[in-house]
Amino acid sequence: YPTWKRTLTRRDREAQMKRFCKAQAIQRRLEEIEVTFRELEQQGIKLEKLLRDEGGTPADQKTQWMNQLLYLVQKKNSLMSEESDLMIAVQELKLEEQQCQLDQKLRGYMNKEESLKTPEDRVAEQEILVQLLDVVNKRNVLIHIQEEKRLSEL
């Protein structure tokens, strides 16, 4: 193996490990969000029961409960937004992994001497290029979605 091939292989492995670590971190955060959702839901149920059974409670107590309920709804909405961002990041990681695999396949075909390529090799190379373009376009759509979301939140 020439040095440049070893370097490319090492870089591919490093990139793959980074994607794996990022995917694990995203998964952990999604699980934390799910647990927090359940806790917020339980708190919301308690507050809702207090508000429904208010009877002769003072108005300032009702206002305090309403404020707490609104805070819980706001927190839940922010968690849902974060969860949406994480799901986009998961899709982006999958596409990044797919792009890396296609790059490696394409590199294999491109490194082959042109005179040694069979017609099947040329067709496969073109198919990989089309697939690679499709993956890049999908990643572009994800970036566009993230940008629109960011702008709408502003």
Side-chain angles (χ1 to χ4, degrees), residues 1-49 64-154:
Y1 251 29
T3 304
W4 65 272
K5 283 188 178 181
R6 283 194 306 265
T7 302
L8 287 176
T9 305
R10 182 177 42 82
R11 285 184 184 162
D12 286 342
R13 271 185 276 138
E14 288 171 358
Q16 188 175 18
M17 281 304 295
K18 282 182 184 179
R19 285 191 299 275
F20 179 72
C21 290
K22 190 174 181 181
Q24 281 185 323
I26 289 171
Q27 185 62 38
R28 275 193 302 274
R29 183 61 187 141
L30 285 171
E31 289 168 2
E32 290 170 2
I33 288 173
E34 190 174 325
V35 168
T36 307
F37 270 150
R38 280 192 236 119
E39 291 171 357
L40 290 175
E41 193 172 309
Q42 292 302 317
Q43 291 174 5
I45 290 170
K46 287 178 188 175
L47 283 172
E48 194 173 338
K49 283 181 182 178
Q64 184 181 7
W65 290 340
M66 281 298 288
N67 287 339
Q68 288 175 354
L69 192 60
L70 290 173
Y71 171 76
L72 291 177
V73 169
Q74 183 182 18
K75 193 167 184 174
K76 183 177 178 184
N77 287 341
S78 73
L79 285 173
M80 287 177 69
S81 176
E82 183 182 356
E83 183 180 41
S84 170
D85 290 342
L86 290 173
M87 294 308 290
I88 290 172
V90 166
Q91 290 176 341
E92 195 171 347
L93 281 174
K94 286 178 182 177
L95 290 173
E96 195 175 316
E97 177 67 28
Q98 195 176 1
Q99 183 177 352
C100 183
Q101 290 171 357
L102 289 170
D103 280 340
Q104 287 176 346
K105 287 179 184 177
L106 185 62
R107 211 177 299 133
Y109 283 114
M110 294 180 97
N111 286 336
K112 203 173 199 180
E113 186 66 39
E114 198 64 37
S115 61
L116 299 176
K117 287 183 184 178
T118 64
E120 291 83 16
D121 288 342
R122 288 186 180 87
V123 168
E125 186 177 351
Q126 286 303 311
E127 287 176 3
I128 291 172
L129 278 171
V130 168
Q131 290 173 354
L132 194 56
L133 185 60
D134 185 49
V135 168
V136 169
N137 286 334
K138 286 178 182 177
R139 287 183 72 188
N140 188 39
V141 167
L142 286 179
I143 290 170
H144 183 70
I145 290 170
Q146 284 177 321
E147 185 64 20
E148 281 184 358
K149 187 174 185 236
R150 185 187 67 81
L151 290 174
S152 69
E153 288 174 355
L154 291 177

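We count residues from 1, following the sequence as given.
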Between atom [atom1] of [X] and atom [atom2] of [Y], what is the distance when rounded to the nearest 0.5 Å?
X    : Y    : atom1 : atom2 : value
L95  : L102 : CG    : CG    : 10.5 Å
L93  : I88  : CG    : CD1   : 12.5 Å
L129 : Q131 : CG    : CD    : 9.5 Å
C100 : K105 : SG    : NZ    : 11.5 Å
M80  : D85  : CE    : CG    : 12.0 Å
I26  : M87  : CD1   : CE    : 9.5 Å

(message) Show, in sequence, the C-alpha distance, side-chain angles and deciding distance for V90 and L86, and conclude whether the side chain to side chain contact (heavy atoms under 4.5 Å, CB included) test is met.
(response) CA-CA 6 Å; V90 166; L86 290 173; 5.6 Å; no
(request) Verify the neighbour count for atom CZ of R11: are there more than 12 heavy atoms of other residues, nucleotides or ligands below 6.0 Å? (result)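 No, because the 6.0 Å sphere around CZ of R11 holds 12 heavy atoms or fewer from other groups.
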(message) More than 12 heavy atoms of other residues, nucleotides or ligands under 6.0 Å from NZ of K117: yes or no?
(response)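 More than 12 heavy atoms, drawn from other residues, nucleotides or ligands, come within 6.0 Å of this atom.
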(request) Search all heavy atoms of L142 against all heavy atoms of E92 and return the closest pair with its distance. (result)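 It is CD1-N, 3.6 Å.
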Is a side-chain donor or acceptor of [X] paired with a backbone partner of [Y] at a separation under 3.5 angstrom?
X    : Y    : answer
T9   : K5   : yes
N111 : R107 : yes
D121 : T118 : yes

(request) Would you check if there is a donor-acceptor pair between the side chains of S115 and E113 at a distance under 3.5 Å? (result)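 Side chains of E113 and S115: no pair found under 3.5 Å.
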(message) Is it the case that the side chains of Q104 and D12 hold a donor-acceptor pair, with the cut-off being a distance below 3.5 Å and no angle test?
(response)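 Side chains of D12 and Q104: pair found under 3.5 Å.
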Charged N-O contact under 4.0 Å between [X] and [Y]:
X    : Y    : result
R150 : E153 : no
E114 : R122 : yes
R29  : E82  : yes
D134 : K138 : yes

(message) Is there a side-chain contact between L132 and Q98 in this structure, where contact means two heavy atoms from C-beta onward sitting under 4.5 Å apart?
(response)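 No, every pair of side-chain atoms sits at 4.5 Å or beyond.
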(message) Any non-hydrogen side-chain atom of I45 less than 4.5 Å from a side-chain atom of K49?
(response)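 Yes; the side chains approach each other to less than 4.5 Å.
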Using distance only, find each side-chain donor-acceptor pair of residues 14-21 under 3.5 Å and give its atom names and separation, not counting sequence neighbours.
unit_1 : atom_1 : unit_2 : atom_2 : d
E14    : OE2    : R10    : NH1    : 3.4
R19    : NE     : E97    : OE1    : 2.8
R19    : NH2    : E97    : OE1    : 2.8

For residues 33-41, run the donor-acceptor check on the side chains, cut-off 3.5 Å, and write out each pair with its distance to 0.1 Å, sequence neighbours left out.
unit_1 : atom_1 : unit_2 : atom_2 : d
E34    : OE2    : R38    : NH2    : 2.9
T36    : OG1    : E32    : O      : 2.8

